[in-house]
Structures are given as C-alpha cells and as structure tokens.
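Counting starts at 1 for both ligands and their atoms, in listed order.
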Amino acid sequence: MTQWRSLAEEFSLIVGSRNVVCTPEELIAYECDGLTSYKQTPPLVVLPKATAEVSQILQICDRKGIPFVARGAGTGLSGGALPLADAVLIVTARMNRILQVNLDDRYVVVQSGVINNWVTQAVSGAGFYYAPDPSSQSICSIGGNVAENSGGVHCLKYGVTVNHVLGLRVVLPNGEITDLGGVIPETPGYDLTGLFVGSEGTLGIATEITLKILKTPETVQVLLADFATVSSAGQTVSDVISAGIIPGGMEIMDNLSINAVEDTVATNCYPRSAEAILLIELDGTDIEVQHSAEQVKRICLANGAGQVTTAIAPEERLKLWKGRKAAFAAMGRISPNYYVQDGVIPRSQLPFVLQEIDQLGHKFGYKVANVFHAGDGNLHPLILYDQKEAGALEEVEALGGEILKLCVKVGGSISGEHGIGADKRCYMYEMFSPADLETMQWVRQCFDPKGIANPTKVIPTPATCGERRNVPHIPNF
Ligand SMILES: Cc1cc2nc3c(=O)[nH]c(=O)nc-3n(C[C@H](O)[C@H](O)[C@H](O)COP(=O)(O)OP(=O)(O)OC[C@H]3O[C@@H](n4cnc5c(N)ncnc54)[C@H](O)[C@@H]3O)c2cc1C
C-alpha cells in the first residue's frame, strides 16, 4: 500500500509543505471536476509552481510506480480530472505566469495553469486576441484546454485549441522534460504537438504552452434570430454555411434554455415564446461583415425567423451573448442537477437529430435542454434530473448514451470538445474498432510504459462500462 504520509513529506521538500494537501477536509475540495455526479477524494494533492518541480514529482511517481492525475481548474465535464483512489492529484493552479509575449511573431508562452481569458487580456491592448473561447474561459486553464482540445463559440471559423498551439513543454510520466513543436507553425517529423493536444492527461503533463495569437478583427456584428421550430434554426445554420459564409460562431438555444436564461440573467433580448434562437457572430473587414450580415438576415427570414436583431457596439454584443454564456449555470434555476452530453453530428443532420433527442427525452421521462455550437454540429443536450431520486443518475446516463449512439449513427462523434475522460470511455467502442483502440494503447504506452498517467481514463478496458467510479474514499493519515 502506498505510504501517502511519507510521500507527502517527500513532495513537501520539492514544493513546500503549504503546497501539499493531505487533510481529509481539504482534499474534499478536489473530489470531482465539472462532472459532479462522479466523486472520489484523492489521497494526496500537490501543487507545483514550475516545470522542474513537476519533473521531480513525476520522477518519484515513476520510481515508486504511483499513478498520477493532472488537474488544471477542474472545470472538465467528462471526469478527466476525477481523482483516483490510488493516484496523486497534481494541480497546476500555481503555474499561473505568462512567460513571454511576442507580438512581432504573434505568439505567447504561458505556464499551463494560466486561465484562458488572461491570454487575451495580456495582448488585447496591442490589438490581438487568443481565439479559442470555451464558455468556461474565465475559469478554465490553458493546460486543461490543451488536454481536452477545447472548443468554443469562435472555433467554427478559427479552429479548436489544436489549431492554436505552436509548442509544448511537457513532463513525461517518467519525469523527463521534453519540448514538442516550437514557435513556428510547421516543424519536420511527426506532429507530436498535435498528438499531445487532446490526450487528456494520459501522455504526461504540459507545463509551458506556446500559443498563436490573432489580430483583433476590424468589425464584429452579432445577429439574433428567433424561430418557431428548432429545426428551422438548424436549417438556417446549414443554409448560411452552404452560402459560403463562415461566421465566427453560430449558436442555438432552445425554448427551455431561453426561459432558464431569462429567469436567471434577464437579458430581455431572447423572446420567451420562441422555440429556438440562433446567435450568429460575423467578423472581418467592415465591408465584408456588412455584406455577410445582409445575406445572413435574408437566410434567417427565408427560414421563417420572427425577428432579426443586430448589434455592433461591444456592450450591445455582450448583451446578446450574455444569456448564451450563462446557459449552463442557468440550468440550476430549473433543475437540481443536469448532465451535459457532448456529441458531434454533420450539420445537415441537425433537424433530424434534435427531433430524435426530443423523442428520447420523452421515452426516458426527462426534460432535455439544448444549447450548442450549431455551426460545428457540436450538440450539448443538457439532461435535467434530480440526483436524490433513486436510479435517476443511471437513467440519465443511459439516455446520454443513447444520444451519443445516435450521433455516431448519423456519421458524427461521441465528443466535440469535452473529451472522453471517465464518463464516455465505454462509448469508444461505438466509434472505434478493437484494432483502432489497440493502436491508441500502443501510442499511450510509448509515452507511459508503466501506465501511471491518468490510468483507466479515455481508453476502455473491457470491464469499464459497468464500473462505478463514485465510491468515496478518504485516506487514513
Ligand atoms: C460552465 C462550463 C462551460 C464549459 N464550456 C465549454 C466550451 O464551450 N467548450 C469546451 O471545450 N469546454 C467547455 N467546458 C469544459 C471545460 O471547461 C474544458 O474542458 C476545459 O478545457 C477544462 O480545463 P480545466 O483547466 O478546468 O481542466 P481540468 O478539468 O482540470 O482537466 C481536464 C483534463 O485535462 C487534463 N489536464 C489538465 N491540465 C493538464 C496539463 N497541464 N497537462 C496535461 N493534462 C492536463 C486533466 O487530467 C483532465 O484529463 C465547460 C465547462 C463548464 C463548467
């Protein structure tokens, strides 16, 4: 059995005793990530401040064969940072420095615990920004974004995190420090940066990250259109893209979400009677945005939009986005718990799949609110339930599983941006053959031959689907 107390003492010599958490009441703060239905108190938490400290910690883990789980801000929605009963939790919250800003070559280097929107804040004065903008951007870490290959509202036009990471300093599971990529977009050899992005903490810990920054667009305009059916909003999304327009973002919210948001943050912009609203953000040069906005408005009206509101001034745009950004939190207003799924479908399947999700909700007896990155076909059905009701979580998970299978059936994917983590590993078989999964295991083993980096996550072991992970465990100190 791992000697957690002596390990805590060893880690204290590296990071200082203040940065090793080992009392049961403090450990509880780390018992889950954003997927709060799964809980596991970690036996030990350590908060390093620099790459060298991470390296020393992982050398000890490697030598003693102790598993570890990396954690950024703990906002992940698939249980990627869910602690394991026998693993050290390594938290990057103190690795919060912006190390370099290079406007000439348009990149910044940050420590992995830096919060997403600090990057834009650091360069916006000079007319630059960092494009990937998860709705959690004011709290999630860049390291977490890299590990999940996170998306966001503006990823339709600009791409997800992997398209914005130039280089990574990584501590491998044996404690060795390595650099992947660099400060230029293309380097010869295998794309190991691309391989690491989206690896969910299974290949090592990213400690320093080089990110591309973009010039702030000349003009931004947001359009808000309301529709009598979710299908017509979905059809509008397809028609906008078919017309050759790539908006910065296109987001749909259904009636349940609209009313939850209006009850919570009162934008007074989203018509409560609409079955769906579509938010479309256009950016670029003045003339380009103006031309596209006219086309988009015509497409909305042709699909039966009631009203199309536009906003150009920053405060007006923020007002239109406010409800979308608060949508997940607003679910707390209408339901004690929610379970968010994250699947991708081809855009053309939006009307069909949304109808099917509605029917599945009725079949299982749960309300499903829909808020999603419609332009990418990235759905986020929010299944509303009460965890106190016996069996509700299991039913909701089964409903979520049916939704994922539906996504795969129409040619989509079981994750758009939230990752697989602990939550969705059993659905990997829906998308990948045993040979595909074995290949992934080989890659994993090249980085982590002892299998100590976030073990059991992402790639299923045959027994995984039936396993429960929420058995509380508080270690005995
Ligand atoms: C309200 C809300 C809205 C959200 N909206 C979006 C959205 O629009 N788009 C989106 O993509 N996601 C969204 N998310 C999910 C979540 O915010 C992202 O997945 C985010 O990238 C997680 O970052 P984190 O720092 O919280 O990572 P954590 O939750 O701490 O960890 C996530 C995973 O990354 C690994 N990890 C963390 N740091 C490192 C590191 N330095 N090196 C290696 N592995 C590491 C962990 O082991 C884990 O597997 C949302 C979450 C919430 C709660």
State whether a side-chain donor-acceptor pair under 3.5 Å links [X] with [Y].
{"X": "His380", "Y": "Gln341", "value": "no"}
{"X": "Asp423", "Y": "Tyr339", "value": "yes"}
{"X": "Asn259", "Y": "Asp263", "value": "no"}

| said: Salt bridge check, Arg444 against Glu200: does any charged N sit closer than 4.0 Å to a carboxylate O? | reply: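 So Glu200 does not pair with Arg444 through a salt bridge.
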
| query | Would Asp376 and Arg347 satisfy salt bridge (Lys or Arg N to Asp or Glu O under 4.0 Å), going step by step from the backbone distance to the final call? | reply | CA-CA 7 Å; Asp376 301 304; Arg347 261 187 308 265; 5.7 Å; no

| said: Strictly under 4.0 angstrom, heavy-atom based: which residues surround ligand 1? | reply: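 If the criterion is a heavy atom under 4.0 Å, then ligand 1 touches Ala70, Arg71, Gly72, Ala73, Gly74, Thr75, Gly76, Leu77, Gly80, Ala81, Thr92, Ser112, Pro134, Ser135, Ser136, Cys140, Ser141, Gly143, Gly144, Asn145, Ala147, Glu148, Ser150, Gly151, Glu200, Gly201, Gly204, Ile205, Ala206, Phe328, His373, Glu417, His418, Asn454.
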
| request: Evaluate the side-chain proximity of Val88 to Ile66: yes if any heavy-atom separation is below 4.5 Å, no if none is. | output: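 Yes, at least one pair of side-chain atoms sits under 4.5 Å.
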
